[in-house]
*Asks:* 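Here you go, one structure.
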Number of protein chains: 2
Amino acid sequence: MGLSFDKLKKELSKRNIALSHQRLKVLEYLADNRCHPTADQIYVALKRQIPTLSKTTVYNTLKILGEAGMVKAITIEDNETRYDIDCKDHGHFKCESCGTIYDFSIDLDSMKSGDLNGFKIRDKDVYFKGICPSCLSLTGS
Amino acid sequence: MGLSFDKLKKELSKRNIALSHQRLKVLEYLADNRCHPTADQIYVALKRQIPTLSKTTVYNTLKILGEAGMVKAITIEDNETRYDIDCKDHGHFKCESCGTIYDFSIDLDSMKSGDLNGFKIRDKDVYFKGICPSCLSLTGS
DNA sequence: CAATCAAACTGTAATCAATACAAGAATAAA
DNA sequence: TTTATTCTTGTATTGATTACAGTTTGATTG
């Protein structure tokens, strides 16, 4: 996996946050499953390894790691928040047929707008929607 | 207001959808209030004009008009879907302090990615987050 | 003008992701 | 060991959205 634990621990200790067993497992799961899972998917998967795990812990962990900049929440639509550990600049494409979310590279730095002079921009999100090649081949069109 | 009723009615009649009183009022509200309101805000505001209005009708209307391409749902975060009638290409900036959503111009057509060859792109969304000038001036920083 | 039918509207009930909260472990410090 | 603080857990609650069934509206037909 490509996790930078040094950066992570430094970031967390700066906030007096311990890297507990549960939190580490959530991070590991996100690192190993780059499918943008929901909180519930993470919970169900980890519940097998950690039978005592609580869904509240998963939500708390995702929130804390999000504030520390280690995890990013993706809210495209459908009232389902998904999570991504990869913080490198990329956009997200959601297939409206199968629901899969694909990453794609895009240069966020070059995205500027004169309308935002005086605004402090902390985060940029790019979401595309449509049909993925796999679903396109199924319908024939 | 800048509503194109001809295009609207054509689009709706193509789908055998009538432009009822309630639906027209929702459209009018969105045209007159470019603040990206939630479904509930629309409901509360129109309830005064139409005391019998049901919240379900507001949701149904927003869904139907969305499918007809007349209204766009904006889901940045916070489990609150907002709605926008302006379909011209622009991005949305959400102030994390006051919650206001600002429009800003951006060239969506130039946004491409080689990773999406073979994908059928139907919609592009650009969401920025940060602090707006008004809130920046309040904190002094 | 009834009669008929489909679409539109309404209100209540249900869903479900997310949060609040309080009590119980774990961990570190003294 | 005591103490304090953080972390975890489970339950209860929230709140936006949807499902559904009954009612109303409005157009069409005879």
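The figures that follow rest on heavy atoms only: side chains count, while hydrogens, waters and symmetry mates do not. First the proteins, then the strands, lettered A, B, ... as listed; each starts at 1.
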*Asks:* Given D:dT8, C:dT10, D:dT11, which nucleotide is nearest the side-chain atoms of B:T56?
*Replies:*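 Ranking D:dT8, C:dT10, D:dT11 by closest atom to the B:T56 side chain puts C:dT10 first.
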*Asks:* Would you say a side-chain N or O of B:Y59 is under 4.0 Å from OP1 or OP2 of D:dT18?
*Replies:* no
*Asks:* Roughly how far, to the nearest 0.5 Å, is SG of B:C132 from CG of B:L136?
*Replies:* 7.0 Å
*Asks:* How many Å lie between NZ on B:K63 and C1' on D:dC20, as a whole number?
*Replies:*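 For the pair B:K63 NZ and D:dC20 C1', the rounded distance is 14 Å.
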*Asks:* Would you call the rings of B:H92 and B:H36 parallel, tilted or perpendicular, taking 30° and 60° as the class edges?
*Replies:*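 Perpendicular: the ring planes of B:H92 and B:H36 meet at over 60°.
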*Asks:* Is any side-chain nitrogen or oxygen of A:T81 closer than 4.0 Å to OP1 or OP2 of C:dA18?
*Replies:*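 True: A:T81 side-chain N/O within range (under 4.0 Å) of C:dA18 OP1/OP2.
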*Asks:* Can you tell me which nucleotide in D:dC20, D:dT9, C:dA8 comes closest to the side chain of B:A18?
*Replies:*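 Between D:dC20, D:dT9, C:dA8, the one nearest the side chain of B:A18 would be C:dA8.
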*Asks:* Is A:T52 close enough to D:dT9 that one of its side-chain N or O atoms is under 4.0 Å from OP1 or OP2 there?
*Replies:*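 For A:T52, the contact criterion (side-chain N or O under 4.0 Å from OP1 or OP2 of D:dT9) is met.
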*Asks:* Using a cut-off of less than 4.0 Å, is there contact between a side-chain N or O of A:Q22 and OP1 or OP2 of C:dA26?
*Replies:*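 No, no such contact exists.
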*Asks:* Within this structure, what is the OH-to-P distance between A:Y43 and D:dG10, rounded to whole angstrom?
*Replies:* 7 Å
*Asks:* Closer than 4.0 Å, any side-chain N/O of B:S20 to the OP1 or OP2 of C:dC9?
*Replies:*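 Checking B:S20 against C:dC9: at least one side-chain N or O falls below 4.0 Å of OP1 or OP2.
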*Asks:* Between C:dT10 and B:T57, is there an OP1 or OP2 to side-chain N/O distance shorter than 4.0 Å?
*Replies:* yes
*Asks:* For the aromatic rings, using the six-membered ring if either is Trp, is the centroid distance between A:F128 and B:F119 under 6.0 Å?
*Replies:*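 No, ring centres 6.0 Å or more apart.
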